[in-house]
Every structure is written in structure tokens, then in C-alpha cells.
Number of protein chains: 2
Amino acid sequence: MAQTRNKFDFEDLLDKHHLKKTSPRLRVLSMMASKSTATSQPDLESVMNDIDRVTLYRILNAFEEKGIIHKVFDLNGTANYAMCSSNCEEHHHHDEHLHFNCTMCKNVYCLDDLHLPPVTLPEGFTTQGFTLYANGTCPKCTKKAAATAKV
Amino acid sequence: MAQTRNKFDFEDLLDKHHLKKTSPRLRVLSMMASKSTATSQPDLESVMNDIDRVTLYRILNAFEEKGIIHKVFDLNGTANYAMCSSNCEEHHHHDEHLHFNCTMCKNVYCLDDLHLPPVTLPEGFTTQGFTLYANGTCPKCTKKAAATAKV
DNA sequence: ATTCAATTGCAATATTATTGCATTTAAAAT
DNA sequence: ATTTTAAATGCAATAATATTGCAATTGAAT
């Protein structure tokens, strides 16, 4: 479930990272925070079509560098962005949770609670982090499919 | 280690999938099979710069559809391609192994032997498959780093 | 209120991907 | 072996996506 955040949370967040509180930035933040899934770059663009494409790129990059959001490519290679959980630090993301990519609605769910079982790598490989992806059908689409099947 | 394959293996492979044995296709296959890592689209393009870009796209798509290769996006969102292990079927890939993405050389290693520990998804999610990514330093780059550090 | 630096938006450019079509090539048929 | 046919390639055009430079604007500090 998306955390409930208000305007002031976002302003504080920007302050904390020495970013100016501008309207495009606040809008991007509130859009992302309102959703339970990650938001794809195309979606952001079409919803915020009055914000310049380039500005959007720059906002997303800035947020990512500051550790406010994290970027995750879905299984089709499109970039998706989601708010970082509190323990993300600048330049060092902790998004080692499960990314569930629904093949029907394309949404990417960040399932924070699910942590990965430990994996041992072959000799010589050292790792900074893991990311687990799953693809399949999300609850919403499962329901939808069941509903249409009944008709 | 890359399997040793010869020209005839590739011709058989194409035959099996009712694809004509053309020179561009055979070259793509032999390039991919000669490497122990997946090959990025940019690399393919620059090495095979005499093959038309469009042709390359079409070859890769055809191979992927037939289950000859699989496509994996590295952590920067660039497409990488690797030969499928024998148990890939058309339209249904079995690439549920670990994809190790080296942050130094950018190479993607398909570590087939490493299978994933079972993961239980939250209620409502049904999955078709998992993909585990790791990023870090591969054996080659670790050696390289050690060598330069000594100097 | 004024100043200054950060941020935005626009224009231009670069990179990456897709589509249509004429030409070529591999395989099938004769 | 030659001809025929369908598949595959390469080129040109276009679309979609990403990046860079710069002038105008805006938020925050003075």
C-alpha cells in the first residue's frame, strides 16, 4: 500500500537533499507516492505532459542520485521509478527486494517485505547486490481475468 | 565456459527452426556462442558493422521467438543476448538462472548452474518465472583491479 | 527588494528502434 | 542444372527515445 504523504513531507524531502521545491518536482513526487506500484517513464510523461520531457529526465536523474527514488527496468527494458524506502542512501540504493512485473498491466510492484534467500556465487564473483524479478499476473489482473471469464 | 560448437551445429540449429542459413545469421550465432557472457546489442552492432542494423534487429527477434537465444536487460537497461540452454522452447524461455552484471566491464554472465531458492509471493500474485540479477565485479575484473593496485 | 544560483523550457542534435519496399539469396520444384 | 518461389537482406524514410547548450524563469539567500 502506498504510504500516505502530504505536501509537507515532499517539501521536507526536497529540503533535506538541497533541492529546490519546484512545482514539477512536487508533482512528480506526489504522483509516485500515490501509487502502490512503480511508475514507468512513459506513464510519467503522458500524465505530466505539460512538464517538459527534458525536465522530467533531469528530475528523475536528480531524485535517483539523491536516493529519493530508485529506477528499475521492467522485463521489457522500460525504466520504472519508485519511491525509495527510508533506508536508501545517496548513491547507494537498497532495492534488493522483489520486483514483480505483471505481464498484463505491465505494472511493476516493489515487494519490499520479501527479502531474498541467500545465494552463493561461484568463485571469483563478488557482488554489491541482488535484484529478483518475477513476472506473472498481479492480483488486480487476476480478478479482472476471472470476471471476464465468467461472462 | 562457452560450449564448443562448429559451423554445422549452427546450420542444424537454423534448419531445426525452419530458418534459412544465411551468412549474417551464422555469424551472429558463432559470435554469441564463442563468448562465455551474453553479448550486448551495441557490441553486436559494432562488431558486425557490415550487417545492416535493421537486419540485426530482425535476426535477434527471430532467434528469440524461436527460443534460440534469450534476451536479458542489464542493469542499465541495455539488451543483451545469450544462447539458450537446450531446454528452451519456442515462446517459452527457461532463463531462470542468475544474471550477473559486472559493473566494471558491463558483461552479463548467465550462471546456469545457480538456481534460485524458492520464494513465496504474497497472496494474489501468480508467477510465470523468476529472474535473479546480481551486480558486482566479475573474476576477470577482480584480477585486473588487483594487478593495477600492485603497481 | 535585490541578487544569485538552481531549475526549467525550448531548440537542436544524437541515439535507438520500426516500417515499407526493392533487391538478393537460399531452398524447393522442375 | 535451371527455374521458381518465398524468405531474408539492405536501403531509405520515419518514429521514438535520450542528450546537450543556452536563454528565460524561479526559489531561496542576502
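Values below: every heavy atom of this structure, side chains too, minus hydrogens, waters and symmetry copies. Every chain is numbered from 1 and lettered A, B, ... according to where its sequence line falls, protein lines coming before strand lines. As the structure is a prediction and not an experimental result, all values here were calculated from the model.
Side-chain nitrogen and oxygen atoms of B:Thr22 include none within less than 4.0 Å of the OP1 or OP2 phosphate oxygen of D:dA8. OP1 or OP2 of D:dA28 has at least one side-chain nitrogen or oxygen of A:Lys21 nearer than 4.0 Å.
In this structure, B:Phe63 atom CZ and D:dT9 atom P are separated by 8 Å, rounded to whole Å. Between B:Leu14 atom CG and C:dA27 atom C1' the separation is 13 Å, expressed in whole Å. Going from atom CG of A:Leu19 over to atom P of D:dT26 covers 19 Å, rounded to whole Å. What separates OH of B:Tyr57 from C1' of D:dA12 is a distance of 16 Å, to the nearest Å. Remark: C1' of C:dT24 and CZ of B:Arg25 are 14 Å apart, rounded to the nearest angstrom. Atom pair A:His17:NE2 and C:dT7:P shows a separation of 13 Å (rounding to whole Å applied). Rounded to whole Å, the distance from CG on A:Asn49 to P on D:dA16 is 16 Å.
Remark on DNA chain C: of its neighbouring residues B:Arg58 and A:Pro24, the 5'-side contact belongs to A:Pro24, judged by nearest-heavy-atom nucleotide. In terms of position on DNA chain D, the residue among B:His18 and A:Ser23 whose nearest nucleotide sits closer to the 5' end is B:His18.
Between B:Lys21 and B:Asp15 a salt bridge is recorded (basic side-chain N to carboxylate O distance below 4.0 Å).
Rounding to the nearest 0.5 Å gives a distance of 11.0 Å between CG of B:Asp74 and SG of B:Cys102.
Proximity of a side-chain donor or acceptor of A:Asn135 to a complementary backbone N or O of A:Thr103 within less than 3.5 Å is not detected.
Counting any heavy atom pair closer than 4.0 Å across all strands shown, B:Thr55 reaches a base atom. Contact annotation for A:Arg53: base contact, defined as any heavy-atom pair under 4.0 Å involving a base atom.
A:Tyr81 pairs with exactly one of A:Met31, A:Gln41, A:His70 by the side-chain contact (heavy atoms from CB on, under 4.5 Å) rule, that one being A:Gln41.
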